[in-house]
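Here is how names work: the chains are called A, B, and so on, in the same order as the sequence lines, proteins then strands, and each is numbered from 1.
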Amino acid sequence: KQEVTQIPAALSVPEGENLVLNCSFTDSAIYNLQWFRQDPGKGLTSLLLIQSSQREQTSGRLNASLDKSSGRSTLYIAASQPGDSATYLCAVRPSYGQNFVFGPGTRLSVLP
Amino acid sequence: GAVVSQHPSRVICKSGTSVKIECRSLDFQATTMFWYRQFPKQSLMLMATSNEGSKATYEQGVEKDKFLINHASLTLSTLTVTSAHPEDSSFYICSASLVQGGNSPLHFGNGTRLTVT
């Protein structure tokens, strides 16, 4: 059974710093992996989707990498801003047709 | 981009009453939608998969008669919490993707905060 963990559970950084959020999964045989952002009391916003054949995806200041063999993905946020404060979740789709398995999230606070 | 709309965003109801939550895909057709429940500071728990024109598939431990799901069209799925109790108070979120099980991202509604008094 696929399990997804995220470390750290919470992170607080000053504005302008570059930071890395980590996601680990127990079964390296995945179909794809998706990173989401969730603001308090809101739904999830899709950030990046990485297929199993890809190593990384980039969107603006965000870069997500995938290392299937080690069961890890990282989300790199460059030049963090207070508006980046949110909870970031990663989710793994184990195989085609299966539902995503979500990690518990990392709560990020970017201080002005 | 794909947009999923969820309504209402907040609802307060009395114990014993039923509440209906709607999930719509605004600019695409979704043969499959998903319903999740989220407790404070916890991740999402998949409740059920809603399939257009057929019965929903419920996850283990989720009561089918308690959480009624109807997916009558390609753009609308509803979740009805029947005979609600205070322990049903939670954040409910729906999601859908352009292609079920495929390579397209999962898109979420903004969630519904249910409070049962």
Name the region of B/Ile93, side chain, backbone, both or neither, that has any atom closer than 4.5 Å to a heavy atom of chain A.
side chain
What heavy-atom pair brings A/Gly41 and B/Phe91 nearest, and what distance separates the two atoms?
O-CZ, 3.5 Å
Proximal component of A/Gln38, with respect to chain B [non-hydrogen, under 4.5 Å]:
side chain
Can you measure from CG (B/Leu44) to CZ (A/Phe36) and round to the nearest 0.5 angstrom?
8.5 Å
Please report the closest heavy-atom contact between B/Ser43 and A/Pro104, naming both atoms and the distance.
CB-CA, 3.6 Å
In terms of hydrophobic clustering (I, L, V, M, F, W, Y; side-chain heavy atoms under 4.5 Å; direct or indirect links), are A/Val101 and A/Phe25 co-clustered?
yes
Are more than 12 heavy atoms from other residues, nucleotides or ligands located less than 6.0 Å from atom CZ of B/Arg10?
no
Side-chain heavy atoms under 4.5 angstrom apart, residues restricted to Ile, Leu, Val, Met, Phe, Trp, Tyr: same cluster for B/Met45 and B/Trp35?
yes
Test item: A/Ser46 side-chain N/O and B/His107 main-chain N/O as donor-acceptor pair under 3.5 Å
no
Heavy-atom distance under 4.5 Å to chain A: side chain of B/Gln6, backbone, both or neither?
neither
Segment of A/Leu89 engaging chain B (4.5 angstrom heavy-atom cut-off)
side chain
ring-ring contact (aromatic ring centres under 6.0 Å, His included) for A/Phe100 and B/Phe34? Distances and angles first, verdict last.
CA-CA 10 Å; A/Phe100 277 98; B/Phe34 306 93; 8.3 Å; no
Could you tell me which non-hydrogen atom of A/Leu44 sits nearest to which non-hydrogen atom of B/Phe108, and how far apart they are?
O-CB, 3.3 Å
Using the rule that two of Ile, Leu, Val, Met, Phe, Trp, Tyr join whenever any of their side-chain heavy atoms come within less than 4.5 Å, decide whether A/Tyr31 and A/Leu33 are in one cluster.
no
